[in-house]
Amino acid sequence: MTTSFDTAFQLSSSNLRFGAGTTREVGMDLEDMGLTRTLLVIDPRLADLPTGQVVLESLRAARREFEVFDAVETEPTDRSFHAAIAVARQGNFDSFVAVGGGSAIDTAKAANLYSTYPADFLDYVNAPVGRGKPVPGPLTPLIAIPTTAGTGSETTGVTIFDLIERKVKTGIAHRYLRPTLGIVDPDNTRTLPPAVAAATGLDVLSHALESYTAIPYDRRPRPERPLLRPAYQGANPLSDIWALEALNGGRVPAASGGRHQ
Ligand SMILES: NC(=O)c1ccc[n+]([C@@H]2O[C@H](COP(=O)([O-])OP(=O)(O)OC[C@H]3O[C@@H](n4cnc5c(N)ncnc54)[C@H](O)[C@@H]3O)[C@@H](O)[C@H]2O)c1
């Protein structure tokens with residue numbers, strides 16, 4: 001029997017704003033989206049750094065009501081997810097803002113999911129660890145402000161955590177988990193400890209290499225229906241452009257406006 005290969009790939013793009021200084025726009029974004037009550041999920045190390053201060057000032061300037069959840073664990077666990085979910089469930093929030101690396105953004109995604117569609121925790125967790133049930137519908141708006149270079153969690157429909165009891169790292173994956181908006185402000189990486197800057201830079205390099213060398217989309221089996229085409233659909237002409245640009249080191253944005261180098 002001959003395999004029927006796929007002939008299509010799909011660009012399902014994220015909503016991203018890139019630029020130095022854009023963190024201060026988050027309060028205005030909430031205002032423009034008509035959102036009034038926000039759970040701010042922030043990495044505790046960032047709360048007193050310029051990033052945290054700018055976010056707080058922005059929310060206050062826009063007169064948004066908000067609560068802070070800062071018990072984010074680095075490399076989050078189901079324990080820290082549960083803590084965030086509990087706060088999200090009782091607060092009647094109409095929006096989430098996540099500030100930090102993948103650990104904080106993924107925590108906000110879980111808090112959003114289980115407060116919007118309450119369920120047994122393992123219901124949405126990837127099979128075979130969990131039951132792999134699909135997310136029932138769109139989530140509450142989430143604005144993600146990454147402060148590391150590597151995970152790209154602001155663009156993905158994935159949240160990753162350690163399930164302590166079973167000693168496994170697993171996750172939840174569904175397109176509805178993808179943040180409504182990612183505010184990518186290079187200024188937020190200025191305070192990264194050198195080791196984290198290097199590690200998250202290598203994360204970018206690995207993602208680009210993986211993407212460029214992945215099995216091409218037209219060497220994968222054709223799905224029976226478009227919904228079954230995987231999110232990670234293989235190397236394709238568009239992802240090759242991004243991957244090669246990342247492998248080249250990318251263009252360096254000018255510090256304060258002006259043209260790129
Ligand atoms: N959701 C996804 O699509 C996705 C993809 C890949 C990885 N991940 C997950 O993301 C997590 C890792 O995220 P990460 O690599 O972005 O790092 P992180 O969020 O775990 O942060 C690493 C460390 O750097 C500190 N830190 C972060 N930003 C800082 C800043 N600007 N200044 C000072 N300190 C700062 C944090 O407090 C922490 O100690 C892992 O759990 C990983 O499994 C998620």
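As the structure lists them, so they are numbered: ligands from 1, and atoms in each ligand from 1.
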For the 3.5 Å polar cut-off, considering only N or O atoms, please tell me whether [X] and ligand 1 meet it.
X	value
Lys169	yes
Val196	no
Thr159	no
Thr189	no
Asp203	no
Ser153	yes
Val158	yes
Thr151	no

May I ask you to check whether [X] and [Y] show a side-chain donor-acceptor distance below 3.5 Å?
X	Y	answer
Ser58	Arg64	no
Thr23	Asn188	yes
Thr51	Thr147	no

At what distance is the nearest protein heavy atom to [atom], and which residue and atom is it?
atom	result
atom 31 (N) of ligand 1	Asn188 O, 2.8 Å
atom 29 (C) of ligand 1	Leu192 CD2, 3.4 Å
atom 28 (N) of ligand 1	Thr147 OG1, 2.8 Å

Might you work through the side chain to side chain donor-acceptor pair (under 3.5 Å) test for Thr156 and Lys109, ending with a clear yes or no? CA-CA 10 Å; Thr156 72; Lys109 288 177 180 174; 3.1 Å; yes
Which bit of [X] gets closer than 4.0 Å to ligand 1, counting heavy atoms only: side chain, backbone, both or neither?
X	value
Arg190	neither
Asp106	side chain
Thr191	both
Ile105	neither

Taking the minimum heavy-atom distance to atom 20 (O) of ligand 1, which of Gly150, Gly157, Gly171, Ser103 ranks first? Ser103
[X]: numbered ligand 1 atoms lying under 4.0 Å from its heavy atoms:
X	answer
Thr156	1 (N), 2 (C), 3 (O)
Thr200	15 (O)
Thr148	14 (P), 16 (O), 17 (O), 27 (C), 28 (N)
Ile160	4 (C), 8 (N), 43 (O), 44 (C)
Asp43	36 (C), 37 (O)
Gly101	16 (O), 19 (O)
Pro76	41 (O)
Leu46	30 (C), 31 (N), 32 (N)

Aromatic rings [X] and [Y]: how do their planes relate, parallel, tilted or perpendicular, breaks at 30° and 60°?
X	Y	answer
Phe9	Tyr217	perpendicular
Tyr124	Tyr114	tilted
His82	Phe121	tilted

Less than 4.0 Å is my threshold; does some heavy atom of Thr74 fall inside it relative to ligand 1? yes
Does Pro193 have a heavy atom less than 4.0 Å from any atom of ligand 1?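 In this structure, Pro193 qualifies as a contact of ligand 1 - some heavy atom is under 4.0 Å.
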Any chain of hydrophobic side-chain contacts (each under 4.5 Å) joining [X] to [Y]?
X	Y	result
Leu30	Val68	yes
Val55	Ile42	yes
Leu39	Leu181	no
Leu139	Val125	yes

Side chain to side chain donor-acceptor pair (under 3.5 Å) evaluation trace for Thr74 with Ser103: CA-CA 5 Å; Thr74 297; Ser103 296; 5.0 Å; no
Which residue in the set Arg229, Arg219, Arg222 passes side chain to side chain donor-acceptor pair (under 3.5 Å) when paired with Asp6? Arg229
Is a side-chain donor or acceptor of Thr38 paired with a backbone partner of Leu40 at a separation under 3.5 angstrom? no
Is a donor on one side and an acceptor on the other found under 3.5 Å between the side chain of Asn126 and the backbone of Gly171? yes
